[in-house]
There are 2 protein chains.
Amino acid sequence: MNHIAHAEIDRTPPKHDAAWTIGIAARPSQDAPVAGAREAHFAARETLCEEGARADHIVIIAQGAVMLSKLLPDGRRQIIELLGAGDVFGLSNTALYDTTAESLTPVRAFQYERRVYENSPELQRTVSQKMTSQLCAMHDHAMLLGRKTAAERVASFLMGLIPNRGGHGCNGPDAKADTRHVAIPMTRQEIADYLGLTLETVSRAFSQLKKDGILQAPRHDEIVVTNVCRLCHLTGTL
Amino acid sequence: MNHIAHAEIDRTPPKHDAAWTIGIAARPSQDAPVAGAREAHFAARETLCEEGARADHIVIIAQGAVMLSKLLPDGRRQIIELLGAGDVFGLSNTALYDTTAESLTPVRAFQYERRVYENSPELQRTVSQKMTSQLCAMHDHAMLLGRKTAAERVASFLMGLIPNRGGHGCNGPDAKADTRHVAIPMTRQEIADYLGLTLETVSRAFSQLKKDGILQAPRHDEIVVTNVCRLCHLTGTL
DNA sequence: CGAAGAATTGACCGCATTCAAATGCGGTGG
DNA sequence: CCACCGCATTTGAATGCGGTCAATTCTTCG
């Protein structure tokens, strides 16, 4: 079952996503594959490529969610990017992948040989746009990792899963209730590794948000944000 | 006076830079400008563009060092990227710049109108390669910000200023002494904002490295690393 | 129903921050 | 050349946020 496919109950048409919405909240990409594509499917929790392996393919995600991570020799892990439909990975400035990619949900993707990519202006143009978005997302994430408190990081993470809210592109609260349902196909440990925290700290932040009446958690991997605006004000960004 | 120009006394020819060497250690770029370029010069410590302003130009640095930063409303600052010759900035997935760019040294650069960029496959191809490098650098920096200790961050920062050492591309120690001179055109506060620390913590880390005989600091903005290998082992990366 | 893994909660600790004071350095003018 | 001033840096002491370690509870699934 694909969590991402129903991550948002809201069915508004996919407008220009707010800059800092993280990848996995995106809807399936409508983009047609460029020539040279090989379509690939992966189950949830598969390793799509490994840090340090020969980087001979680049991948564009058509549907599903992927996380990129890096390890330090002593086992510390950082989840570097969360990717969704339309995002790209596998690019490297060396001969080797610089991150490991794992599927969080079932994934449909288009793979291109690196050689093909390097000789296709059309593909480069497409990828170039994706990369720009991802670079901006990394900028936001660097701010989060370097300067935000634990509570702000968790609030920012959750807001990133809610499209069309927060930041410049915010539509404001819905008519009556300011409520959104969000599926989170990640463990607390993974969220922690993404936010530069420990799983205990993430758990405590969630508990605090529940106590403050900002969210409910019917399941571990699914939450209901009952007051998006209040959550947004806890991100530190505004 | 351009600190970057003599940042490295070593004069070995510019080989393929190790993946994680940060931008400002790079040598002047040999790349010829693409059609549509406007050459621009900036003194040290000028603001080249501002977070939130209309993003109508992209800039490729020919010579000098630039830092990109973001601010939170309460004044917390994160320096997002350190850029040098060959690096690009000003790209955004929105209509506005997502970071502020300031010169650390005198800078020579080529500016392109966004419209020109969007219609020039040649320019896109060039920029695409730069972006790949910068994205990988951001990946490394996310690991640093999320998971490394203060001492490891400072050691990583210094190693990033030493080309051809550390990581995969390491040449190993020089014949006799394992010593390198490094110019640092940044204040302690700027280094702290780059590493997600406070200036006091950065200062303490420097002091510790001096006490351990790993470096000397004849001036605040210039240090001599007397044992590159020992420093490298403090980065946590290896 | 029972077991295994994930999440929560509590108590304590330590690293980095905060607040504060002293020192060093660079630049200016006498 | 030297004295002085302003600013950056260094150093010290105390605090606190998030981490660590450990016990318990909740979920999910066979």
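In the text below, chain A, chain B and the rest are named by the order of the sequence lines, each starting its count at 1. Scope of the values below: all heavy atoms of this structure, side chains included, with no hydrogens, waters or symmetry mates.
With contacts defined as side-chain heavy-atom distances shorter than 4.5 Å, the pair B/V107/B/H41 does not qualify. Side chains of B/I223 and B/R180 form no contact here, defined as non-hydrogen atoms less than 4.5 Å apart. Using a 4.5 Å heavy-atom threshold, the side chains of B/K210 and B/L215 count as touching.
Going from atom CG of A/L145 over to atom C1' of D/dG18 covers 15 Å, rounded to whole Å. Between the CG atom of A/L197 and the P atom of D/dT20 there is a distance of 11 Å, rounded to whole Å.
The structure places CZ of B/F157 at 4.5 Å from CE of B/M186, a figure rounded to the nearest 0.5 Å. To the nearest 0.5 Å, atom OG of residue A/S103 and atom CG of residue A/L83 are 12.0 Å apart.
With the end axes of the helix from C/dC1-D/dG30 to C/dG30-D/dC1 each set by five pairs, the angle from one to the other reads 40° at 10° resolution.
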Identify each donor-acceptor pair in which a side-chain atom of residues 224-234 of chain A lies under 3.5 Å from a protein atom, sequence neighbours left out, and give them as a table.
residue : atom : partner : partner atom : Å
A/T226  : OG1  : A/G213  : O            : 3.0
A/T226  : OG1  : A/I214  : O            : 3.0
A/N227  : OD1  : A/R230  : N            : 3.0
A/R230  : NH2  : A/D212  : O            : 3.1

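Neither side chain, B/E81 nor B/H141, offers a donor N or O lying under 3.5 Å from an acceptor on the other.
Protein chain B contacts DNA chain C from C/dA16 to C/dG26, reading 5' to 3' and using non-hydrogen atoms of the protein with a distance under 4.0 Å.
Not counting sequence neighbours, A/K148 has no partner by the salt bridge (Lys or Arg N to Asp or Glu O under 4.0 Å) test. Here B/T198 pairs with B/E200, B/T201 under the side chain to side chain contact (heavy atoms under 4.5 Å, CB included) rule; sequence neighbours left out.
With hydrogens and angles disregarded, no donor-acceptor distance shorter than 3.5 Å links the side chain of B/E222 to the backbone of B/R219.
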Restricting both atoms to N or O, compile the protein contacts to nucleotides 8-12 of chain D shorter than 3.5 Å, with distance only.
residue : atom : partner : partner atom : Å
D/dT9   : OP1  : B/R188  : N            : 3.3
D/dT9   : OP2  : B/R188  : N            : 3.0
D/dT10  : OP1  : B/R188  : NH2          : 3.3
D/dT10  : OP1  : B/K210  : NZ           : 3.4
D/dT10  : OP2  : B/R188  : NE           : 2.8
D/dT10  : OP2  : B/S203  : OG           : 2.7
D/dT10  : O5'  : B/S203  : OG           : 3.1
D/dT11  : OP2  : B/S207  : OG           : 2.4
D/dG12  : N7   : B/R204  : NH1          : 3.0
D/dG12  : O6   : B/R204  : NH2          : 3.2

